[in-house]
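The structure appears below as structure tokens.
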Amino acid sequence: MRAFEQNDTVFRMLSEAISEGIVVVNEKQDIVATNKRADRLFRYEVGELEGKPLATIIPPKYHGVHREHVKGFYRHNEQKRMAEGRSLYGLRKTGEQFPLEVGLNPFTLPEGNYVLALVYDMTELRDKDSQIMELNAHLEEKIQLRTQELSNTVAELQKEIKRRKKAEALIKTALQREKELNELKTKFLSLVSHEFKTPLSGIMTSATLVGKYKTGEQQEKREKHLQTIFGEVKRLNSILNDFLSIERLDQGKEIYRKTHFSLSKVINEVVYNTNMILKSGQSINLPQNIDEVTLYQDEKILKLSLSNLLYNAAKYSPEDSEIDLEVELDESQIIFSVRDNGIGIPEKDQKHIFDRYFRAENVLLTQGTGIGLNIVRGHLNNLGGSIDFESELNVGSTFTITLPIKE
Ligand code: ADP
């Protein structure tokens, strides 16, 4: 306190009135004066720090940095707050360290330069800071937890929506199937009543007439009517078969059986059956190159397909017209084409020709169900084959079937 001997009382009065600690340091960085608050902060007896080096109250690990800092400070000689923005620590006599903030005020007396350091104890503030930080961290944790819970709920909800959509789609499909089945039933009933009427009345008429022809000379007439009955029964049978086929195809229950069989035998059989329904003057030109050909395929489906095409060719062609049946064969496949010179298919109807129940606008006065080609295509697709056609209105149509024949 000698440094302030002349003004000792004034210094004491001033320094003790201030709530911060005061440490005055000379150029050698020795402590030359402290107030009681500073002594208490650093846990020294009153006046005990005077004459001690400044380093006494600075933790050893900051000594170097601090010395340079103070030297620089003397050079610039201005008021300054130390360690703004970073942590500063003081060293108590007990060896304990505590956070502090320091305001530096340089001043000059005749005997030399001094720095008056105002020391603020930051322990409480730091505690509050860390409490706030802790609270913040806690809050953040809570927010994160809530956010997580929320996104879990959203995910759950999304899952539920997906599940419901799936269920809805299933129900829709089931409903659609139900609707289709109902439509099929209605269609079947109207088709049956419509399609069966004509053959049944034909059978009825022929049967009545057969009963009336009693004499031997009328044998030819009898046979003609019997043939009509036979043809009409066949037609009814094929309509029924078509319906049964649809059901089996739709349910994937059709069982295919591939065997080796003679191509000419199948063609003869199909053509023989078609001959029965040919109109007057119609004829079928047979393929020439099929002798001795053996195929490996589903014989029943081939017969069904060719019959369909030949029946249609006859049905949709006028009297006295020719139908050509051709066969092209290579190692892996066989191609059948049935060409007629009939009514053809209107351009706008062509894209629907394989749709179930579809019938072109120019055949509505001819009997038919619109099922045959749909079934044929279904079977051929299942066997790895295909069906196609070309047609010109009032000129004729050519239907082509391709089937694989490799074992
Ligand atoms: P359906 O002959 O019983 O009506 P299909 O499924 O066999 O049923 O044929 C569907 C439709 O295709 C027919 O109604 C007809 O409009 C058309 N069609 C099929 N073959 C021929 C053909 N050779 N000439 C003209 N139109 C045809």
Side-chain angles (χ1 to χ4, degrees), residues 183-184 187-199 202 231-232 234-250 270-271 273-279 281-285 301-326 335-382 385-401:
E183 271 171 16
L184 193 74
K187 208 108 189 177
F188 174 73
L189 284 177
S190 80
L191 275 176
V192 164
S193 47
H194 185 251
E195 287 298 302
F196 278 36
K197 234 182 192 162
T198 325
E232 300 291 23
K234 260 187 104 96
R235 197 155 118 202
L236 290 175
N237 198 36
S238 93
I239 294 174
L240 279 177
N241 278 340
D242 279 356
F243 275 106
L244 290 175
S245 237
I246 280 191
E247 210 181 343
R248 281 199 306 274
L249 263 176
D250 282 359
V270 171
V271 170
N273 285 331
T274 316
N275 278 335
M276 299 224 191
I277 59 129
L278 286 183
K279 292 174 189 156
Q282 280 185 332
S283 62
I284 300 172
N285 297 321
I301 299 300
L302 180 60
K303 274 187 201 163
L304 179 133
S305 307
L306 289 176
S307 301
N308 249 290
L309 298 194
L310 287 171
Y311 280 23
N312 280 348
K315 192 160 68 167
Y316 300 120
S317 299
E319 294 181 350
D320 300 314
S321 62
E322 291 192 3
I323 297 164
D324 298 315
L325 170 60
E326 282 170 10
I335 302 171
F336 297 92
S337 45
V338 176
R339 183 170 39 251
D340 64 50
N341 303 292
I343 60 172
I345 301 167
E347 177 107 34
K348 73 172 178 55
D349 288 339
Q350 293 194 0
K351 56 178 176 296
H352 300 296
I353 235 54
F354 294 108
D355 294 351
R356 188 174 294 172
Y357 306 123
F358 183 83
R359 308 199 69 221
E361 63 175 13
N362 61 335
V363 302
L364 299 180
L365 296 176
T366 317
Q367 292 251 310
T369 58
I371 296 174
L373 287 181
N374 177 266
I375 292 174
V376 169
R377 188 183 59 170
H379 286 310
L380 292 176
N381 285 348
N382 288 346
S386 61
I387 178 167
D388 219 333
F389 72 93
E390 278 176 6
S391 184
E392 199 178 328
L393 194 60
N394 298 322
V395 176
S397 314
T398 305
F399 279 82
T400 315
I401 284 175

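For ligands, and for the atoms within them, numbers begin at 1 and follow the listed sequence.
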Q.
Quick one, N312 and V338 - any side-chain contact, counting heavy atoms below 4.5 Å?
A.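 When only atoms from C-beta onward are counted, V338 and N312 do not touch, as no gap falls below 4.5 Å.
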Q | Within the 4.0 Å heavy-atom sphere of ligand 1, strictly under, residues | A |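 Answer by chain and number: N312, A313, K315, Y316, D340, G344, I345, I353, F358, R359, A360, V363, G368, T369, G370, I371, G372, L373, S397, F399.
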Q) Does anything in residues 314-324 pair up under salt bridge (Lys or Arg N to Asp or Glu O under 4.0 Å), and if so which pairs, sequence neighbours excluded? A)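 Those involving residues 314-324 are D324-R339.
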Q. Got a sec, which residues hit side chain to side chain contact (heavy atoms under 4.5 Å, CB included) with E392, two or more places apart in sequence or on another chain?
A.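 For E392, the residues satisfying side chain to side chain contact (heavy atoms under 4.5 Å, CB included) (neighbours in sequence not counted) are V395.
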(Q) Going by the rule side chain to side chain contact (heavy atoms under 4.5 Å, CB included), which residues pair with S337 if we only count those two or more places apart in sequence or in a different chain? (A)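 Once residues adjacent in sequence are excluded, the partners of S337 under the side chain to side chain contact (heavy atoms under 4.5 Å, CB included) criterion are E326, T398, T400.
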Q: Name the orientation class of the two ring planes belonging to F399 and F354 (parallel below 30°, tilted from 30 to 60°, perpendicular beyond 60°).
A: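 Plane angle over 60°, so perpendicular.
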Q. Do S317 and Q282 have side-chain atoms, one donor and one acceptor, less than 3.5 Å apart?
A.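 Absent: no donor and acceptor within the cut-off.
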